[in-house]
Protein chains: 2
Amino acid sequence: MQGREFKDAMYDGLAKLMKALANPARLEIIEMLAQGEKSVEGIVQATSLTFANASQHLQVLKNNNIVKSRKEKQYVFYSIINDEFLSLYQHVIKYAVQEIAELEKTLNRQREDNKASNSVSLDELETMIHNKNVLLMDVRPSAEFEFDHISGAISVPMKELLCCLKDFSKEQEIIAYCRGPFCVLADEAVRVLSEKGFKVRRLDEGYPEWKIRQLEKN
Amino acid sequence: MQGREFKDAMYDGLAKLMKALANPARLEIIEMLAQGEKSVEGIVQATSLTFANASQHLQVLKNNNIVKSRKEKQYVFYSIINDEFLSLYQHVIKYAVQEIAELEKTLNRQREDNKASNSVSLDELETMIHNKNVLLMDVRPSAEFEFDHISGAISVPMKELLCCLKDFSKEQEIIAYCRGPFCVLADEAVRVLSEKGFKVRRLDEGYPEWKIRQLEKN
DNA sequence: CAAGTATTCAATAGTTTTATTGAATACAAT
DNA sequence: ATTGTATTCAATAAAACTATTGAATACTTG
């Protein structure tokens, strides 16, 4: 194999991988699957995609070694293929929100809006934990909670949330958090819980921002 | 801003970034610029692109905050925008050659073809350099060496390698490196030198990977 | 100022990607 | 077997991307 031939093969292959990531619908699917496996139906419900379209995008992701699938009964469950990809994806996100002005601005505006709604800031959280009887709920997958979490939090992964409802009091104030403003888990938790009549708000930031604060304190 | 609106803005922006990377010609340009700044002409000479086409791709990269340019006399020099992007790019490459079977195979076949199988890792290099009886040889073009290089290396560009053979001892162990797994220069150097009876191996990675390590140490 | 060089711009045709539509499977439950 | 449900397949038109071409700029040098 000559040098030119080799380069072409490598750059074509690399471009193929990047192309698989170069679509907003597929990125949303990836973000969703980063939080745990989901059936095609689950993805359709959480996005504005049609069944056929979601399935098509999933095929693209599968053919590019980004997701894997398993079949159970008549359902097909998709998930991120491995932790290496997850780590790469998180690196991309981190770069994008830190270095791309446009995205940084969008994210900050969203944070402002969250504050304007009734989300709780890290500062407020601190005083609330001192004074009141609040329940701090980490809704990320349990593996992430076990790795590290905001001190005082309990782990209630999204997929277990519905079965655990009876364990919580409707008198107690609940604060839900996940990975940050980009993560949709906390929003979902707030929606589900408030529909059921709980007093629940979300933390406007998430675990990574809390961690950074802790490090800054030292 | 509603949740849906926010998501669309974020995923569209993210997809825009990935699209800028989703093209083999642009990836080759990035790989080249990762080794130091280059004029448009420099890029045209090293690739099979036309002037207009190279310029167009550079505009795309510039509009997506991947490269920056400066003008000197009538020349425009392009370079990677910052170390954060370089680190992200390295992560992508590392993921691709480790996790994508097709690319891994292509890369390994290339390495086999160049008989560079017993390569040296960056870790090994560090301990070898302590023992002092090793010659670290940078076989990239001298411009790239002058821009920056692994500390302790000497510059022996490929095209000068054959005329300089008499300067080296066959007793001394030689380690050749270039730009990383994609770069074929080191493989060629190893082939040429071992044919002549020198004790030579290649570094399995290259300058960009070393640079990233240095940055991580701080 | 004129000529030369490096780079960019603008238009375009060919190619690829995308969402949509309407079937076609594959499997489970009855 | 028949029905119902979840998913995939196949075809297609619209949109986006790409390389090519032939100018147009911008800057330097003489």
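Here is how names work: the chains are called A, B, and so on, in the same order as the sequence lines, proteins then strands, and each is numbered from 1. Basis for what follows: all heavy atoms, side chains included, without hydrogens, waters or symmetry-related copies.
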Worked verdict on B:Ser121 versus B:Glu205 for side chain to side chain contact (heavy atoms under 4.5 Å, CB included): CA-CA 7 Å; B:Ser121 71; B:Glu205 312 209 63; over 6 Å; no
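- For the pair B:Lys16 NZ and C:dT17 C1', the computed distance is 18 Å after rounding to whole Å.
- Protein atom OH of B:Tyr75 is 16 Å distant from nucleotide atom P of C:dG4, rounded to whole Å.
- Atom-to-atom, CD of B:Glu28 to C1' of D:dT18 comes out at 16 Å; the value is rounded to the nearest Å.
- Spacing between atom CD of B:Gln59 and atom P of D:dC17 amounts to 16 Å, rounded to whole angstrom units.
- Terminal axes of the helix from C:dC1-D:dG30 to C:dT30-D:dA1 (five pairs each, C1' rotation axis) are separated by 30°, to the nearest 10°.
- Less than 4.0 Å separates DNA chain D from at least one heavy atom of each of the following residues of residues 45-58 of chain A: A:Phe51, A:Ala52, A:Ser55, A:Gln56.
- Taking the six-membered ring where tryptophan is involved, the planes of B:Tyr89 and B:Phe85 are essentially parallel, since the angle between them stays under 30° and well short of 60°.
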Intermediate values then yes/no, side chain to side chain contact (heavy atoms under 4.5 Å, CB included), A:Asp138 and A:Tyr177: CA-CA 5 Å; A:Asp138 185 322; A:Tyr177 78 88; 2.6 Å; yes
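- For the atom pair NZ of B:Lys19 and CG of B:Leu17, the computed distance is 11.5 Å after rounding to the nearest 0.5 Å.
- Separation of atoms CG (B:Leu88) and CD (B:Gln90) is listed at 10.0 Å; rounding is to 0.5 Å.
- With rounding to whole Å, B:Arg26 atom CZ is found 12 Å from D:dA19 atom C1'.
- The aromatic rings of B:Tyr207 and B:Trp210 sit tilted, their planes meeting at an angle between 30° and 60°.
- A sub-4.0 Å separation between OP1 or OP2 of C:dA6 and a side-chain N or O of B:Tyr78 is absent.
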Start with the C-alpha distance between B:Arg70 and B:Glu37, add both sets of side-chain angles, then the distance that settles salt bridge (Lys or Arg N to Asp or Glu O under 4.0 Å), and finish with yes or no. CA-CA 10 Å; B:Arg70 77 182 173 85; B:Glu37 72 170 12; 2.6 Å; yes
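- Between the CZ atom of B:Arg26 and the CD1 atom of B:Ile30 there is a distance of 8.0 Å, given to the nearest 0.5 Å.
- Within the 4.0 angstrom heavy-atom criterion, no nucleotide atom of any strand lies near B:Phe77.
- Expressed to the nearest 0.5 Å, how far CZ of A:Phe77 lies from CG of A:Leu33 amounts to 12.0 Å.
- If you measure from atom CD of B:Glu41 to atom P of D:dC27, you get 18 Å, rounded to the nearest angstrom.
- Put simply, CG on B:Asp12 is 12 Å from P on C:dT18, counting in whole angstrom units.
- For the OP1/OP2 pair of C:dT18 and a distance below 4.0 Å, the side-chain nitrogens and oxygens of A:Asn23 include at least one atom meeting the criterion.
- If you check residues 60-74 of chain A against DNA chain C, the residues with a heavy atom closer than 4.0 Å are A:Lys71, A:Lys73, A:Gln74, listed by number.
- Once rounded to the nearest 0.5 Å, the distance linking CD1 of B:Ile29 with NZ of B:Lys38 reads 11.5 Å.
- In this structure, A:Glu28 CD and B:Asp12 CG are separated by 10.0 Å, a value rounded to the nearest 0.5 Å.
- Counting to the nearest Å, the P atom of C:dT16 and the NZ atom of B:Lys19 are 17 Å from each other.
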